[in-house]
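Working notes for the structure below.
Below, all heavy atoms of this structure are taken into account, side chains as well, without hydrogens, waters or symmetry copies. To find a chain, count down the sequence lines: A is the first, B the second, and so on, and within it residues start at 1.
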Amino acid sequence: MTSGYDNIPFFDEDPQLGAKPAAPAKPSGGIGIAARAMAARDAQRAPDYLSGLNPEQREAVETVDGPVLVLAGAGTGKTRVLTTRIAHILATGRAFPSQLLAVTFTNKAAREMKERIGLLVGGAVEGMPWLGTFHSIGVKLLRRHAELVGLRSDFSILDTDDVVRLIKQILQAESIDDKRWPAKQFAGMIDGWKNKGLDPAQIPEGDARAFANGKGRELYVAYQNRLKTLNACDFGDLLLHPIRMFRANPDVLAEYHQKFRYILVDEYQDTNTAQYMWLRLLAQRPKGTPQNVCCVGDDDQSIYGWRGAEVDNILRFEKDFPGAKVIKLERNYRSTAHILGAAGHLIAHNEDRLGKTLFTDRHDPDDDKVIVHAAWDSEEEARAVGEEIEQLQRKEHKLNDMAILVRASFQMREFEDRFVTLGVNYRVIGGPRFYERLEIRDAMAYLRLVSQPADDLAFERIVNTPKRGLGDTTIRNLHDYARARDIPMLAAAADIIETDELKPKARKALFDVVTDFRRWQSLLETTPHTELAEQILDESGYTAMWQADKSAEAPGRLENLKELIRSMDAFESLRGFLDHVSLVMDVEQNAELDAVSIMTLHSAKGLEFETVFLPGWEEGLFPHQRALDEGGRSGLEEERRLAYVGITRAKRRCHIWFVSNRRIHGLWQSTLPSRFLDELPEGHVEVAEVEQSYGGYGRGGGYGQSRFDKQEPFQNAYSTPGWRRAQANRTDATRDNWGSRSGHAVERIGYGESGPRSKTIDGELVAKSTMSEPSKFSVGDRVFHMKFGNGNVAAIEGNKLTIDFDRAGQKRVLDGFVNKV
DNA sequence: GTCGTGAGCCTTTTT
DNA sequence: GGCTCACGAC
């Protein structure tokens, strides 16, 4: 892309740290933003890129000096403001691209910002080295100053999987029963501490005591020591090490104060304490120095509380940066009035919010209301959504304009299955990750070890893959040898093969491994990294291993390995590639393909689609039971914000679904409609009539076979619209707790039926309610189940029955859902 | 040391 | 229902 920006000197690095940019050269007829901007400035009128901004947006763009907090509601042009602001800073010559620090929360956001800035300013974005996620910027800082925190600059970055394996080793070494004290749990605890910015010495006594009989703190210390020996960081360290470094080295911090003239932070509501500390170190300057920091966020879209995000950060901004200007963006450009009305009404049920109200000028009587649909089970839900998508397709709507946003990833599968059957293109965003595949992780371990010989985790992963006859015994020997001498295992291997500690067979195998790695390391500088990677996979026998594998997935794995090599091309070095993989776990999707997007609500933040499908609005799933159990009221509010995010992704059409039956952990469970449905305003919402075909009530053909809707007792309770009844069943207690709390009006959708509500399931998944009682069934009983029909009880475990159904085969179900016949 | 089987586990969201 | 891990057999 060429643009008039080529006229302005940009540098990958500062010409000299902290230098003031020279006045931009006069444009010489370029057509880019900058040229136009300067031409415009000369002409004493606003540059083009500012036109089309509303007054608030424009203020947010032009208030470049001093601290600014932009509260930007969904669809109010937040990204546009951020990118235009950057363009403005550059165009007016206030800073070089390399003097801007622009931080986002996710890779996707970073990528998008890069793209959009690219569109605005052309190639100049290449010169913005400090645009990225907190973590990627952390890596960049650490690579430069690793020695200040006791690392070498070639340190490895461990992902969650590595961390768990490492902790497992530590627990084993300490003889802690990792059944009772799972490594995964401890990994979670450490992550939590790090999100709060806590060193081992600072963690609360209670936390320290809560793991492995009070060994929490000790283990945390041991873990950090191991990381240091491995010359490795976990995700949390990517934030904490820079903080430590800045605190311990004020001179270095001062350097970066000089360097970063303007700081921008996106999705500020999602920052956790560690990120907040990081940011404050960089942004808070001595009195009298300019603090040009701009944070953009929306408290209503804070959905990462479970990861330690502190909405308070956003509320505290004005205190942290006195004199800050606060700008609210409330004019929505994305959605119809119905969609905004529904979302706004829903989110108003939250107490903890700064309070923004989105509005739009758009009032088209033809706009659809938000439509709520009921389905019998998740299979039917997928089928019905599929049908609607096909209908839209027939009306020439593009699949790219449609998205299915789910609460939890297990919901995706059913839609995928359905789309495969229908032949509808789809793409899963953030789904199973390329880099988490076994063969990719193995290949990466080879590359990591070549690049960083102290990476014992990588060593252990591949030392016997492919099989070389180096089993547990040899590895343990080697491990002990290495620990005793405090050297990496690869080095230990090199030593031990000089001795006769190992059996000849193992010794020879290990000798080959060591020789291979020596050779590859010697090629690191001279051989292009793609070539080297290929060579490594071939010479190690790893490729051959899969070629020899006759299983069904082997060809796919080989294909993935090729893809891995191909993807390395885009990076200039092995190091750069490895960093990318650790931080950006996903892989670019094919944008050409017209396909429906399937993703979680979390990964949908920041995106928009003409039509949005929101399946699975059921108690227990959405709001998620765990969020309620662990988060209480604030957990519920976060779930509600998630719902708000979901609805506000839609530009024109928003379809919400819930089902009466869902299979969870392989058990069929009856579910209640989400309380969030109750919180939608009648005026903007329409309840879809349940069509005959959906329930299999009329048509019978096709999939009707396993429906048992003709059974009288259940026909009444669950017949269309199924949730009418379920609504009525919601207990008073539930309503008092959630519905009418704090005097909010509770709207129910549609029908006047609000009569006597029987105490039944009370919003909980029913699994719990019958747990303690002895089963009223016995083996051999003839029973009837709503979904599967008649059958005989084959086994009983608590409230779970194994039943041989006449037509559906053997299933496990909860006893609450079968009746004796 | 390697391979196959069975039991027991877990399943929110992400850098 | 699917996956991992541990154990036992070869």
Side-chain angles (χ1 to χ4, degrees), chain A residues 103-110 132-139 157-161 163-165 168 178-179 182-185 188 191 194-195 233-240 267 270-272 274-275 302-309 405-414 429-433 435-436 438 464-476 503 505-506 509 579-586 599-605 616 620-631 635 638-639 641-643 645-646 662-668 797 810-813:
Chain A
V103 202
T104 65
F105 189 67
T106 64
N107 291 304
K108 209 163 64 201
T133 62
F134 279 99
H135 291 85
S136 67
I137 290 172
V139 173
I157 303 164
L158 304 187
D159 65 20
T160 326
D161 209 75
V163 167
V164 171
R165 285 191 302 142
K168 222 170 240 171
D178 74 346
K179 281 247 165 61
K184 224 173 153 182
Q185 187 194 339
D191 191 51
K194 290 191 172 178
N195 283 337
C233 277
D234 62 14
F235 281 128
D237 285 341
L238 297 180
L239 299 172
L240 288 193
E267 306 283 13
D270 287 332
T271 50
N272 62 34
Q275 288 160 335
S302 156
I303 53 176
Y304 285 101
W306 55 277
R307 268 196 60 199
L405 312 181
V406 298
R407 175 63 183 86
S409 41
F410 75 84
Q411 293 172 261
M412 293 180 180
R413 190 148 168 184
E414 217 130 13
I429 295 173
R433 297 169 167 215
Y435 295 115
E436 278 172 10
L438 172 101
N464 199 32
T465 312
K467 300 266 180 291
R468 301 186 174 98
L470 293 164
D472 282 353
T473 332
T474 317
I475 305 303
R476 197 163 311 128
K503 297 213 179 90
K505 217 179 129 208
D579 276 357
H580 171 82
V581 173
S582 331
L583 296 171
V584 186
M585 296 292 284
D586 57 347
M599 67 188 98
T600 64
L601 287 161
H602 282 87
S603 39
K605 194 167 67 163
L621 177 58
F622 194 32
H624 199 281
Q625 193 59 44
R626 219 170 124 180
L628 300 179
D629 291 345
E630 289 167 14
E638 182 153 316
E639 294 288 293
R641 289 193 292 267
L642 206 45
V645 166
R662 192 174 285 281
R663 191 166 50 194
I664 299 170
H665 316 324
L667 287 173
W668 282 97
E797 276 173 74
Q810 196 178 71
K811 306 270 180 205
R812 292 216 306 160
V813 298

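Residue Lys605(A) contributes atom NZ, which lies 15 Å from atom C1' of dT12(B) at whole-angstrom precision. For Ile429(A) and dT12(B), the CD1 to C1' distance is 18 Å, given to the nearest whole Å. For the pair Gln275(A) CD and dT15(B) P, the computed distance is 11 Å after rounding to whole Å. Note: CD (Gln411(A)) to P (dT13(B)) measures 10 Å, nearest angstrom. For the pair Phe410(A) CZ and dC3(C) C1', the interatomic distance rounds to 17 Å; values are reported in whole Å. Asp159(A) places its CG atom 15 Å from the P atom of dT14(B), with the value rounded to the nearest Å. Atom CZ in Arg641(A) sits roughly 18 Å away from atom P in dT13(B) (whole-Å rounding). The CG-C1' distance, from Asp234(A) to dT15(B), rounds to 11 Å in whole Å.
For the residue pair Leu621(A) and Ala408(A), the shortest heavy atom distance occurs at CD1-CB, 4.3 Å.
Distances shorter than 4.0 Å separate some side-chain N or O of Thr474(A) from OP1 or OP2 on dG1(B). Side-chain N/O atoms of Thr600(A) include one lying less than 4.0 angstrom from OP1 or OP2 on dT14(B). Using a 4.0 Å cut-off, no side-chain N or O of Thr160(A) falls inside it from OP1 or OP2 of dT14(B). For dG2(C), one of the phosphate oxygens OP1 or OP2 lies less than 4.0 angstrom from a side-chain nitrogen or oxygen of Arg413(A). The phosphate of dT12(B) (OP1 or OP2) has a side-chain N or O of Arg626(A) nearer than 4.0 angstrom. Phosphate proximity of dT2(B) to Asn464(A): present, with a side-chain N or O under 4.0 Å from OP1 or OP2.
No more than 12 heavy-atom neighbours from other residues, nucleotides or ligands sit within 6.0 angstrom of CZ on Arg413(A).
Aromatic stacking of His624(A) on dT12(B): satisfied, with centres closer than 5.5 Å and planes within an angle under 30 degrees. By the stacking rule of 5.5 Å between ring centres and under 30° between planes, Tyr304(A) does not stack on the base of dT14(B).
No N or O donor and acceptor, one from the side chain of Arg307(A) and one from the base of dT13(B), sit under 3.5 Å apart. Counting distance only, with no hydrogens placed and no angle test, the side-chain atoms of Trp306(A) and the base atoms of dT12(B) include no donor-acceptor pair under 3.5 Å.
Side-chain contact between Ile157(A) and Val139(A): present, with at least one pair of heavy atoms (C-beta onward) separated by less than 4.5 Å. Residues Phe235(A) and Leu583(A) have side chains in contact (heavy-atom distance under 4.5 Å, counting atoms from C-beta outward). Between His624(A) and Leu628(A), the closest side-chain pair of non-hydrogen atoms is not below 4.5 Å. Lys605(A) is not listed as a side-chain neighbour of Lys108(A), based on a closest heavy-atom distance of 4.5 Å or more.
Residue Lys467(A) has its side chain nearest to dT2(B) when only dT13(B), dT2(B), dT15(B) are considered.
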Contacts under 3.5 Å, N or O only, protein and nucleotides 6-10 of chain B:
none

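Using cut-offs of 30° and 60° on the angle between ring planes, the pair His602(A) and Trp306(A) is perpendicular.
Ranked by how close their nearest DNA chain B nucleotide is to the 5' end, Phe105(A) and Ala627(A) are led by Ala627(A). Looking at which nucleotide of DNA chain B each of Ser603(A) and Arg468(A) is closest to, the 5′-most match is held by Arg468(A).
Within the 4.0 angstrom heavy-atom criterion, only backbone atoms of the sugar-phosphate kind lie near Lys168(A); the bases stay farther away.
No side-chain donor-acceptor contact under 3.5 Å links Asp237(A) to the backbone of Leu240(A).
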